[in-house]
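Read through the structure below, which is laid out as structure tokens, and then see the notes.
Positions are given from 1, in the same order as the sequence printed here. For ligands, and for the atoms within them, numbers begin at 1 and follow the listed sequence.
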Amino acid sequence: MCQKKLKALPKNITIDGPAASGKTTIGTIVANKIGYMCLDTGIMYRAVAFQALKEGIEISDEAAVTSLAERIEIDILPATSQDGRQFDVIINGEDHTWDIRTAAVNAVVSEVSVYPGVRKAMTLQQRKIAEKGKIVMIGRDIGTVVLPDAELKIYLDASVEVRAQRRYVEDLSHGKDACLEDVVDSLRHRDEIDSGRVVAPLKAADDAIVIDSDKMTVYEVVEFVMGLLEMRE
Ligand code: CDP
């Protein structure tokens with residue numbers, strides 16, 4: 001890819017979409033290609049859900065979960081172990097990179113993410129991180145709420161069957177005892193809550209470019225996004 005073609009890169013790029021649509025895979029590759037940082041904001045909501053479970057906070061206790069979100073310290077750092085992780089996820093000083101990916105966290109993360117106070121606390125941190133620019137930010141509401149002025153917004157979609165199959169293979173590759181039907185149920189459950197919530201629901205921004213990746217390889221999606229960057233010249 002010739003540098004000249006990419007000289008008018010956008011300050012930030014947003015990638016939103018439903019669970020397991022490939023946002024992090026695509027976002028990481030694109031970010032590496034153009035020298036941007038990649039932030040998967042799902043990690044932050046997962047961290048709040050994990051810490052609530054760890055502290056024995058009732059997930060239905062909105063005030064307690066919100067107060068936790070306001071005080072939690074989440075650091076997303078370059079990976080220090082070669083165990084398949086993309087980042088180290090440090091929560092209140094401890095490495096919980098894999099603990100935020102358990103079925104227990106999957107089961108409650110979307111409920112935690114509905115609370116407006118939790119979203120406000122996370123959104124504030126995300127905007128601060130994006131201030132300097134050169135970020136590919138991934139989530140559900142990045143193009144609509146967190147960075148509505150971003151110049152390039154992608155909405156990455158795929159059918160629930162294809163997404164479940166991808167997540168199932170990913171889980172198996174991490175040594176998890178996965179069951180395809182459970183993965184389908186878990187994705188459906190989260191999608192339903194994420195799309196139906198009042199504050200910052202999962203949806204494509206009006207000015208987002210929607211990519212249906214059902215029949216596309218990772219390589220094809222990356223090439224498509226790189227093509228969008230070239231077209232900006
Ligand atoms: O990786 P996966 O697609 O399974 O999900 P994730 O990106 O890790 O996000 C986990 C959950 O966090 C989602 O199902 C949403 O409930 C919530 N989330 C959100 O509400 N807003 C975001 N910007 C990112 C994640």
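- Around atom NZ of K11, more than 12 heavy atoms belonging to other residues, nucleotides or ligands sit under 6.0 Å away.
- At a threshold of 4.5 Å between non-hydrogen side-chain atoms, the residues L9 and L152 do not count as touching.
- Applying the salt bridge (Lys or Arg N to Asp or Glu O under 4.0 Å) test to residues at least two apart or on different chains, the pairs with a partner in residues 158-172 are E161-R188, R163-D191, R167-E170, D171-K176.
- Residue pairs meeting the salt bridge (Lys or Arg N to Asp or Glu O under 4.0 Å) criterion with at least one partner in residues 57-74, sequence neighbours excluded, are E55-R71.
- If you look at ligand 1, the protein residues with a non-hydrogen atom under 4.0 Å away are A19, A20, K23, D40, T41, G42, Y45, R46, R101, V109, S110, S113, R119, G139, R140, D141, I142, R167, R190, D194, R197.
- The salt bridge (Lys or Arg N to Asp or Glu O under 4.0 Å) analysis of residues 80-96, with sequence neighbours excluded, yields the pairs K54-E94, D83-R85, R85-D88, R85-D95.
- Minimum interatomic distance between I15 and L156 (heavy atoms only, all atoms of both residues): CG2-CB, 4.3 Å.
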